[in-house]
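Here is the structure we will look at, set down as structure tokens.
Residue numbers count from 1 along this sequence.
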Amino acid sequence: MSPSGPPPLSGTSGSAASAAGRRHTFRSVAPVLALCWLAVFFDGMDVNVYGAVMPHLLDDPALGLTPGTAGTIGSWTTFGMLIGALGTGTLTDWLGRRPVLVTSVLLFSAGSAVCALSGTAAPFGAGRFLAGLGLGGLMPLCLSVVMEFAPPRRAALATGLLMTSYHAGGMAATGLGLALAPTLGWRWVFWAGVLPAVIAAPLLLRLLPESPGVLLARGRTAEADAVADRYGMARPVPADAPTQGPKGRLDAVRALFRPGARWATPLLWLASFAGLLLVYGVSTWLPQMMRAAGYGLTSSVSFLLVINAGGIVGMLIAGRTADRYGPVRVSALWFLLTAAGALLLGARLPLALTYVVVAVTGVWLFSAQVMVYAAAGRVYPAAQRATGLGWVTGIGRTGAVVGPWLGGTLAAAGNDRLGFTAFALAGLLGALAIGLVPLARRIGRPTAAPSPAPVSAE
């Protein structure tokens, strides 16, 4: 694998530096990256809180959850995320990044409050579905913002840095589950999920800048240039601006199947399906699967903390490696290593060794999926990136629906440990799908007149 740096992701027709002469660096865009990091932190906390308190939910006779019902509710959550992701990519080009992002935060905070107040499984499931609507919209939106504002040749690293917050949020959820659920009950853990509405939403509304591309599309050229200058970015050009109006939103979806992307798009969807099946299946059922494998309750929940810690390390490694060798290569290799880790977890190992395997598996598992997003950011140009990422994450959410459902089905049948084999197969599927993206792009390009300066997704 020879090193090859990616070409710029945004503002490619503009100057390399803004009119104000400010350099475009991580430091210049740090406020934007920090706000997105905070939003995704709470996203990760809310997603992982369900798995963190799963054993306590199953042990609460008043709630009436069975393993099968719990898996179904996990799928309701991810079905809400599917709807949120598919809708957000299009809505954000129309309404703007900031208002849709704030709405997403308020939705999943409200869903957490509904769960905390629920006395039976049905309203609890409705709360998780509501949370899913907000969670599904937030992730592709933050990814799109970070890819637009990040230094062009550090987009994969910026994506990895952003996603460390997801796992920091997962660790926070696990910590809350360990600290609050045994003594105060699982409801207090969900009450903590209301904090994003109090902390993150006001900060995002006040401090997050609007996308220069969206501002330009609305005819607010001076504001678009001012935002770009403030953060040292290249000023946006018409090619960076999403087309407005219903026809423009339909054209953005059609563009996902333009020459050069028509075959890559379904492969990205399939890789995202496999990756999110892994992420949400493991996040929801790892404690219960480890408990079924013979580990104690505290150790089983602690494994979720450890795998998220590994995920943070993995994001940093994957981001730097992908900026050098390309996100496709890194994602494919990471998927294969995840499959190997899942098979090892299915074996009954000494406790200390199991912790090591869980941590190392976390290094590969989560960043394999994130590098799918980084690859999509190179396949789709700036004007279609929000829509493209929305559909990659949205279609991929079907995997997030299947993962918790599959874990619940296996647990209900007393076959919890077969989940490790199922997750290993998902890793192999993800490696195959993402690995074929460069070939699919070459096949899909027009033969008569090759497009100038093709963007490598490798």
Side-chain angles (χ1 to χ4, degrees), residues 1-2 4 6-10 12 82 85-86 89-90 93 140 143-144 147 155-156 159 239 242-243 248-278 318 322 325-336 338-339 368-400 402 425-458:
M1 294 186 295
S2 59
S4 59
L9 287 174
S10 64
T12 52
L82 185 155
L86 292 178
T90 303
D93 290 339
L143 285 165
S144 178
M147 288 182 182
T159 303
T243 307
R249 293 190 290 279
L250 182 60
D251 288 344
V253 176
R254 288 174 177 165
L256 304 183
F257 297 92
R258 75 188 195 285
R262 60 167 59 103
W263 300 114
T265 289
L267 285 171
L268 288 168
W269 290 356
L270 184 58
S272 185
F273 168 87
L276 288 173
L277 187 154
L278 282 165
Y325 296 108
V328 164
R329 292 187 180 102
V330 172
S331 182
L333 178 59
W334 265 225
F335 269 122
L336 290 174
T338 298
Q369 168 63 23
V370 172
M371 290 304 106
V372 173
Y373 299 146
R378 299 189 184 188
V379 170
Y380 305 121
Q384 283 85 48
R385 192 168 299 129
T387 298
L389 283 167
W391 279 79
V392 168
T393 56
I395 297 297
R397 294 295 178 191
T398 57
V402 170
L425 292 174
L428 293 176
L429 176 62
L432 178 63
I434 193 67
L436 288 174
V437 166
L439 175 62
R441 298 199 71 206
R442 287 193 291 270
I443 292 174
R445 284 178 187 142
T447 55
S451 57
V455 178
S456 171
E458 299 180 20

At what distance, to the nearest 0.5 angstrom, does CZ of Phe273 lie from CG of Leu277?
->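 Phe273 atom CZ to Leu277 atom CG measures 5.5 Å (nearest 0.5 Å).
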Look up atom CZ in Arg441 and atom CG in Leu268, then write down how far apart they are to the nearest 0.5 Å.
-> 9.0 Å
List in chain and number order the residues that pass side chain to side chain donor-acceptor pair (under 3.5 Å) with Thr159, two or more places apart in sequence or in another chain; answer none if no residue qualifies.
->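 Thr159 satisfies side chain to side chain donor-acceptor pair (under 3.5 Å) with no other residue.
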Sequence neighbours left out, what passes side chain to side chain donor-acceptor pair (under 3.5 Å) with Ser272? Give chain and number order.
->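 So Ser272 forms a side chain to side chain donor-acceptor pair (under 3.5 Å) with Gln369.
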Applying side-chain contact (heavy atoms from CB on, under 4.5 Å) to Ser331 and not counting sequence neighbours gives Phe335, Met371, Val372, Ile434
Output all residues satisfying side-chain contact (heavy atoms from CB on, under 4.5 Å) with Leu432, sequence neighbours left out; order by chain, then residue number.
-> Leu436
If you compare all heavy atoms of [X] against all heavy atoms of [Y], which two are closest, and at what distance to 0.1 Å?
| X | Y | value |
| --- | --- | --- |
| Val379 | Ala264 | CG1-CB, 4.5 Å |
| Gly435 | Pro438 | O-CD, 3.5 Å |
| Ala433 | Ala271 | CB-N, 3.7 Å |
| Ala426 | Ala274 | O-CB, 3.3 Å |

Would you check if Val392 and Tyr373 make a side-chain contact, meaning some heavy-atom pair closer than 4.5 Å?
->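 A side-chain contact under 4.5 Å exists here.
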With side chains defined as the heavy atoms from C-beta onward, is the minimum distance between Thr398 and Trp269 less than 4.5 Å?
->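 Side chain of Thr398 against side chain of Trp269, heavy atoms only: no contact under 4.5 Å found.
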